[in-house]
2 protein chains.
Amino acid sequence: MSTGARGQHARVLDVLGLAITAGEHPPGSVLRTDELAERLGVSRSVMREAVRVLESMCLVESRRRVGVTVRPVEEWNVYDPQVIRWRLAGADRPHQLRSLTVLRSAVEPVAAGLAARNATPEQCAELTECALGMVATSRGGQLEGYLVHDIAFHRVVLNASGNEMFAHLGDLVAEVLAGRTHHRVMFEDPDPAAVTLHVQVAEAVRAGDAVRAEELTREITVGALRELDILAP
Amino acid sequence: MSTGARGQHARVLDVLGLAITAGEHPPGSVLRTDELAERLGVSRSVMREAVRVLESMCLVESRRRVGVTVRPVEEWNVYDPQVIRWRLAGADRPHQLRSLTVLRSAVEPVAAGLAARNATPEQCAELTECALGMVATSRGGQLEGYLVHDIAFHRVVLNASGNEMFAHLGDLVAEVLAGRTHHRVMFEDPDPAAVTLHVQVAEAVRAGDAVRAEELTREITVGALRELDILAP
DNA sequence: CGAACAAAAAGTCAGACTAATTAATCACAG
DNA sequence: CTGTGATTAATTAGTCTGACTTTTTGTTCG
């Protein structure tokens, strides 16, 4: 899925990035560009471009006479969408989902508060539509349909906040929600209380009630934290 | 300052990244790799590597037969430290600082709450030390010294939260604090109330009082928002 | 209006050469 | 004999060049 066949460069980048984030080539290990190029069957040009991109993500450091060194995890650009995708595809997916969910719990309530102040009428309408869609798909095992509306809902809130840093977390939230749905026991309908909360958030935003929108969204994210046992019940 | 003389690649990347984020080459404009290489006096290899990195930051899109197209701002990887540096160096620095400060106001209180639960004794000691350093430099125009302790303080809190996504915002917060100090009227000592709040946060974290740490940090960030007139006074 | 064709740009490859950095070697003084 | 400093050698990334391929788009012709 993540490997589109669009050119050698992307393919090689994906393979290497995945390998590094997956923990083979642990931090400190050194790779040689030429050897990698040969191993993956590409020219040095292509491999060099891939290494440069990995370097810009702080996954590796390239130094003369020594080679390409894998950097410690703490230095990786963990906000890079590609890095996030690689890590979600690997072994520390659970850990990654927890980190992202905690981030959500900090950001989304504030974003909802801002949305209540800044949302355009169009965005309010869109939000209500999403909430209604969630209600309509909340029963009878229509999990995929529910997911679509859920993702759209949170994306609209983040965009409506008017803050570009928040808006950019849309993909991230989508990733978390999708991950949650696809790793939960299927056939289990979403929590009715959560559905209600979404409807109420949409209403609060439309009414311009920032405090209420923030508080309701906080309840939603608290629920998400509880699902992962990050919070004590 | 951002342009170290470490190789052609880094130089070219910096020049191009700055130019794009500064708004010359507006979104939609198309550049040709060969022409750029010639203009900047480097070989195609080097230019191609730079373009690939810019592409991974979603600043540009490279397509056959058309060229390198500058993408709209909304698609840029705004969490990439390099992109942030470029934008802070450019004309929309004020806008950037506002966005980052709002992000801070969402993240730091939650991070402080987590820190109160997770901080090690060493981190608590470090935090207290930072707070004392802030007190010691809070009068008499020792703004640079104060800034150092302030940055260290917030960095420790973010690290102590135990969440890697929060920890990675340390550089970002440092950038914001430095920007604020250096653009404010010099010779103006920091708000005594803010200094007190930092001391109290350190104390709350040491005591393991998550709610109080969160609330106090929220007051700090609210103050930061007010400074930028994001909040009504 | 559709299909064949031509042009333009990025993508890929191969090879030669450069430069920086580390490691080994060797000479010399203590 | 040993430690230390400078010189040399080896290794790897960095850079450049030129040829060739592939994809996409615009054009032309049926």
Side-chain angles (χ1 to χ4, degrees), chain A residues 2-17 19-20 25-72 75-77 82, chain B residues 2-17 19-20 24-72 75-76 82:
Chain A
S2 63
T3 101
R6 68 268 189 234
Q8 301 281 61
H9 165 74
R11 198 200 89 223
V12 166
L13 178 63
D14 211 56
V15 169
L16 246 190
I20 292 177
H25 313 308
S29 30
V30 286
L31 314 168
R32 269 167 307 123
T33 307
D34 293 16
E35 196 240 328
L36 285 174
E38 193 182 5
R39 175 137 53 95
L40 297 179
V42 292
S43 69
R44 290 203 316 280
S45 331
V46 169
M47 183 52 68
R48 281 186 54 74
E49 287 167 20
V51 167
R52 274 278 146 80
V53 171
L54 291 174
E55 197 174 24
S56 91
M57 298 169 174
C58 297
L59 260 65
V60 302
E61 187 183 4
S62 180
R63 286 178 59 199
R64 267 164 162 157
R65 168 61 207 242
V66 38
V68 177
T69 312
V70 178
R71 304 179 70 168
E75 297 175 9
W76 297 354
N77 278 181
Q82 186 123 61
Chain B
S2 63
T3 102
R6 71 274 189 224
Q8 301 280 60
H9 165 76
R11 199 200 87 224
V12 166
L13 178 63
D14 211 56
V15 169
L16 245 190
I20 292 177
E24 74 192 84
H25 312 308
S29 27
V30 287
L31 313 168
R32 269 169 309 125
T33 307
D34 293 17
E35 194 240 331
L36 285 174
E38 194 182 5
R39 175 138 52 96
L40 298 178
V42 292
S43 68
R44 290 197 315 281
S45 334
V46 170
M47 183 52 67
R48 281 185 53 75
E49 287 168 19
V51 167
R52 275 280 144 77
V53 171
L54 291 174
E55 197 174 24
S56 91
M57 298 169 173
C58 297
L59 260 64
V60 302
E61 186 183 3
S62 183
R63 287 178 58 200
R64 270 165 161 154
R65 167 60 208 243
V66 39
V68 177
T69 312
V70 179
R71 303 178 70 167
E75 296 176 9
W76 297 354
Q82 186 122 61

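Just so it is clear, the values below take in all heavy atoms, side chains as well, and ignore hydrogens, waters and symmetry mates. Note that the structure is a prediction, hence the values are computed from the model and not measured.
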- [ ] Check the distance between D:dT12's P and A:M47's CE and give it to me in whole angstrom.
- [x] 16 Å
Task: Gap separating the CG atom of A:N77 from the CD atom of B:Q82, nearest 0.5 angstrom - done: 9.5 Å
TODO: To the nearest Å, give me how far apart CD (A:E55) and P (D:dA13) are.
DONE: 11 Å
TODO: Check whether any side-chain nitrogen or oxygen of B:Q8 sits under 4.0 Å from OP1 or OP2 of D:dC16, and answer yes or no.
DONE: yes
- [ ] Identify the 5'-most and 3'-most nucleotides of DNA chain C with at least one atom closer than 4.0 Å to a non-hydrogen atom of chain A.
- [x] C:dT12 to C:dA23
Task: A:V53 and its side chain to side chain contact (heavy atoms under 4.5 Å, CB included) partner, picked from B:M57, B:E49, B:R52 - done: B:R52
Task: Minimum heavy-atom distance between A:A37 and A:S43, given as atom pair plus value - done: CB-O, 4.0 Å
- [ ] Would you classify B:S45 as touching base, sugar-phosphate or nothing, given that sugar-phosphate means primed atoms plus P, OP1 and OP2, and contacts are heavy atoms under 4.0 Å?
- [x] base
Open item on the list: Taking atom CD as the centre, does A:E38 end up with more than 12 heavy-atom neighbours from other residues, nucleotides or ligands that are less than 6.0 angstrom away?
Closed with: no
- [ ] Report the residue (B:R52 or A:R65) whose heavy-atom-nearest nucleotide on DNA chain C is the more 5′ of the two.
- [x] B:R52
Open item on the list: In whole Å, I'd like the distance from the NE2 atom of A:H9 to the P atom of D:dT23.
Closed with: 17 Å
Open item on the list: Please report the interatomic distance OG1(B:T33) to CZ(B:R44), rounded to the nearest 0.5 Å.
Closed with: 9.5 Å
Open item on the list: Could you tell me how far apart B:E38 (CD) and D:dT17 (C1') are, to the nearest whole angstrom?
Closed with: 14 Å
Task: B:C58 side, atom SG; B:R71 side, atom CZ - distance, nearest 0.5 Å - done: 4.5 Å
- [ ] Please work out which residues in residues 27-36 of chain B have a non-hydrogen atom less than 4.0 Å from an atom of DNA chain D and list them by number.
- [x] none
Open item on the list: Rounded at 0.5 Å granularity, tell me how far CD in B:Q8 sits from CG in B:L40.
Closed with: 10.0 Å
- [ ] Check whether any side-chain N or O of B:R63 sits under 4.0 Å from OP1 or OP2 of D:dT25, and answer yes or no.
- [x] yes
Open item on the list: Nearest 0.5 angstrom please: A:L36 CG to A:H25 NE2, how far?
Closed with: 6.5 Å
- [ ] Please state whether the phosphate of D:dA13, meaning OP1 or OP2, lies under 4.0 angstrom from any side-chain nitrogen or oxygen of A:R44.
- [x] no
Open item on the list: Tell me the bend of the helix from C:dC1-D:dG30 to C:dG30-D:dC1 as the angle between end helix axes, each from five pairs, rounded to the nearest 10 degrees.
Closed with: 10°
Open item on the list: If you go through the side-chain atoms of B:R64, does one of them form a donor-acceptor pair with the base of D:dT24 closer than 3.5 Å?
Closed with: no
Task: Atom pair OG/CG of B:S56 and A:L54 - distance to nearest 0.5 Å - done: 9.0 Å
Open item on the list: Which heavy atom of B:V12 sits nearest to which heavy atom of B:A50, and what is that distance?
Closed with: CG1-CB, 3.9 Å
Task: Check: A:S62 main-chain N/O paired with A:E55 side-chain donor or acceptor under 3.5 Å - done: yes
Task: Between C1' of D:dG18 and CZ of B:R48, the distance in whole Å - done: 15 Å
